[in-house]
Amino acid sequence: MIELEQSRNQFPKEPIRLMSRVYKFILPDVRQALDGWRKDAEAIPDSELRKQALASIATKEFHCQGGAVYAAANLPMRHVLIPLIVAFQTISDYLDNLCDRSTSKAAEDFRLLHQSMLDAVDASAELRNYYALREEQDDGGYLHRLVKTCRNQIAQLQGYPAAMPHVVDLVGLYTDLQVYKHIDPQQREAKLLEWWTRHEHRAPHLKWNEFAAATGSTLGVFMLFLAASHADLDDKSAKIIHGAYFPHVCGLHIMLDYLIDQEEDEIGGDLNFCSYYDSKETMLGRITLIVEGARRDIRKLPASSFHRMIIEGLLALYLSDPKVSQQEEIREVSKRLMKRSPLMRLFFFANSRWIRKHL
């Protein structure tokens with residue numbers, strides 16, 4: 001992995017150095033980028049599209065903050081990576097809101113909306129009306145500007161040709177998940193199981209809900225963006241990165257998200273992949289298996305200490321969420337998962353709480 005070996009020294013190797021970069025560079029730049037998109041969203045003519053765009057930024061800012069941590073591993077390129085990660089994640093969060101609270105339940109509508117994410121990572125694709133199959137239409141060009149921003153930033157990543165096939169693979173899986181999980185509740189499980197049978201060979205040790213969760217993460221895409229910021233990224237290296245992040249690191253990310261959202265999703269009637277376990281013990285065992293798989297897989301990468309901090313940071317970020325203390329069963333699972341983490345989890349746990357409270 002030539003490009004990552006050469007840049008190994010750019011990777012922060014310990015939690016204090018990582019968080020120093022996050023506070024000094026990452027969080028201010030993410031805030032600036034999101035402020036720009038917030039102002040853009042405020043001008044959306046359609047009231048429903050405007051509402052969902054603004055809500056996605058207001059309630060999911062930490063998604064962009066977490067994703068942009070990858071820019072801490074190449075600070076000289078953060079002017080490219082942070083706007084790219086924020087724009088791409090903002091598309092994801094906006095579309096998730098549109099589909100969760102949709103006036104439509106049509107798979108074709110959801111797929112067309114998410115085609116924007118595929119077009120965002122492929123400059124050769126033609127932009128289209130992503131709202132063509134739904135009632136709400138006029139976003140004043142908001143989604144197109146997000147897509148174009150991604151493309152413009154990607155054009156500055158010299159290693160992107162090697163990364164692109166793997167990015168497209170992950171975004172394609174993400175798109176499939178968003179389509180199937182948002183359709184009529186009476187059809188979605190059957191469609192998800194049918195989809196799983198086509199991909200089971202990629203992770204036969206995972207259950208269908210765990211594989212589906214892994215496809216819902218953008219972390220593998222962001223790591224590939226980071227790798228592509230080095231001109232000498234090659235196909236072999238990009239493939240190794242893809243395999244190191246998918247399915248376990250990506251799966252851990254989304255399983256933790258579902259873990260803390262169980263009560264909220266039950267009330268809202270939303271799909272939750274943690275609800276498919278028959279007991280708390282089974283759920284804990286399966287998530288632990290995914291954690292261990294993630295820790296094992298990142299050893300394939302140079303500067304693996306950085307990726308280990310990503311994993312422990314994920315545990316701290318989600319398990320420090322106020323939602324955990326409000327759900328007795330999840331609180332117990334959380335404590336047991338945290339006990340299995342190394343001491344650095346206390347550092348990230350404290351920082352996660354501070355960021356939530358002050359930023």
Side-chain angles (χ1 to χ4, degrees), residues 92 95-96 99 105 107-108 110-111 114-115 117-118 121 163-224 235-236 238-259 261-262 265 270-301 307 311 314 333 337:
S92 170
L95 298 187
D96 193 49
C99 295
K105 287 295 180 185
E108 296 81 3
F110 299 148
R111 191 166 292 282
H114 284 87
Q115 183 63 41
M117 296 185 72
L118 286 162
V121 298
M164 181 177 167
H166 304 285
V167 170
V168 170
D169 175 65
L170 293 175
V171 177
L173 289 172
Y174 179 91
T175 294
D176 287 343
L177 173 67
Q178 297 307 312
V179 171
Y180 298 133
K181 82 172 216 179
H182 285 111
I183 59 175
D184 189 309
Q186 295 183 344
Q187 301 176 21
R188 64 190 179 194
E189 186 174 330
K191 288 292 185 181
L192 283 165
L193 286 167
E194 179 186 340
W195 171 61
W196 158 238
T197 61
R198 300 198 300 270
H199 295 284
E200 185 177 2
H201 64 281
R202 300 181 64 157
H205 62 293
L206 294 183
K207 298 179 183 297
W208 74 268
N209 57 316
E210 296 160 355
F211 174 83
T215 67
S217 174
T218 48
L219 294 187
V221 173
F222 297 156
M223 179 54 211
L224 285 162
D235 294 336
K236 180 181 178 181
K239 184 177 181 180
I240 291 172
I241 291 167
H242 181 289
Y245 265 72
F246 185 87
H248 294 120
V249 176
C250 292
L252 173 62
H253 172 206
I254 301 303
M255 290 302 287
L256 290 172
D257 193 40
Y258 279 114
L259 175 68
D261 281 348
Q262 285 185 81
D265 288 343
D270 296 328
L271 183 73
N272 189 299
F273 290 127
C274 283
S275 68
Y276 289 92
Y277 296 115
D278 56 13
S279 71
K280 178 180 62 183
E281 292 301 322
T282 300
M283 178 173 66
L284 178 63
R286 296 301 298 179
I287 295 178
T288 299
L289 178 146
I290 294 170
V291 173
E292 291 171 350
R295 290 173 177 154
R296 180 183 65 248
D297 291 347
I298 54 94
R299 293 178 194 147
K300 305 172 187 174
L301 301 175
H307 305 284
I311 293 169
L314 281 173
V333 171
L337 280 172

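Start at 1 with the first residue, then count along the sequence.
Although no hydrogens or angles enter the test, the distance criterion places no donor-acceptor pair under 3.5 Å between the side chain of Thr218 and the main chain of Val221. Distance alone, capped at 3.5 Å, places no donor-acceptor pair between the Ser217 side chain and the Ala214 backbone.
In summary, of the residues considered (Thr175, Val168, Leu173), a side-chain contact (heavy atoms from CB on, under 4.5 Å) with Val171 occurs for Thr175 alone.
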Inset, instruction - Go through the steps to decide whether Leu259 and Met283 satisfy the test side-chain contact (heavy atoms from CB on, under 4.5 Å), and finish with yes or no. - result: CA-CA 9 Å; Leu259 175 68; Met283 178 173 66; 3.7 Å; yes
Inset, instruction - Show your working on side-chain contact (heavy atoms from CB on, under 4.5 Å) between Leu219 and Leu314 and close with a plain yes or no. - result: CA-CA 11 Å; Leu219 294 187; Leu314 281 173; 3.8 Å; yes
Legend entry - Check against ring pair (Phe, Tyr, Trp, His ring centres under 6.0 Å), Phe246 and His166: CA-CA 10 Å; Phe246 185 87; His166 304 285; over 10 Å; no
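Atom CD1 of Ile254 is separated from atom CD1 of Ile290 by 11.0 Å, given to the nearest 0.5 angstrom. We find the CD1-CD1 distance between Ile311 and Ile298 to be 4.5 Å, quoted to the nearest 0.5 Å. Within the model, atoms CZ of Phe110 and CG of Asp96 stand 10.5 Å from one another, a figure rounded to the nearest 0.5 Å. To the nearest 0.5 Å, atoms CE (Met255) and CD1 (Ile287) are separated by 5.0 Å. Atom CG of Leu192 sits about 10.0 Å away from atom CG of Asn209, to the nearest 0.5 Å. Between the CG atom in Asp235 and the CD1 atom in Ile240 there is a gap of 11.0 Å [rounded to 0.5 Å].
No hydrogens or angles considered: nothing links the side chains of Tyr276 and Glu210 as a donor-acceptor pair under 3.5 Å. Looking only at atom types and distance, the side chain of Tyr174 has no donor-acceptor partner in the side chain of His114 under 3.5 Å away.
Between Glu194 and Thr197 the shortest heavy-atom distance is O-OG1, 2.5 Å. In terms of heavy-atom proximity, Arg198 sits nearest to His201 at O-CE1, 3.3 Å. Leu224 approaches Leu170 most closely through the heavy-atom pair CD1-CD1, 4.0 Å. Residues Gly216 and Leu177 come closest through the heavy atom pair CA-CD2, 3.5 Å. Scanning all heavy atoms of the two residues, the minimum distance from Leu271 to Tyr258 falls at O-CE2, 3.3 Å. The two residues Gln262 and Cys274 come nearest to each other via the heavy atoms CD-CB, 3.8 Å.
Note: Trp195 and Phe211 meet the aromatic proximity criterion, with ring centroids under 6.0 Å apart.
Side-chain contact check for Asp176 versus Thr215: every heavy-atom pair is 4.5 Å or farther apart. Side-chain contact between Phe273 and Lys207: absent, with no pair of heavy atoms (C-beta onward) separated by less than 4.5 Å. In this structure, the side chains of Arg296 and His248 come closer than 4.5 Å at one or more pairs of heavy atoms. Proximity of His199 to Trp208: side-chain heavy atoms (C-beta onward) are nowhere separated by under 4.5 Å.
Ring planes of His307 and Tyr245: perpendicular class, angle over 60° (limits at 30 and 60°).
Electrostatic pairing of Asp169 and Arg202 counts as a salt bridge here, judged by a charged N lying under 4.0 Å from a carboxylate O.
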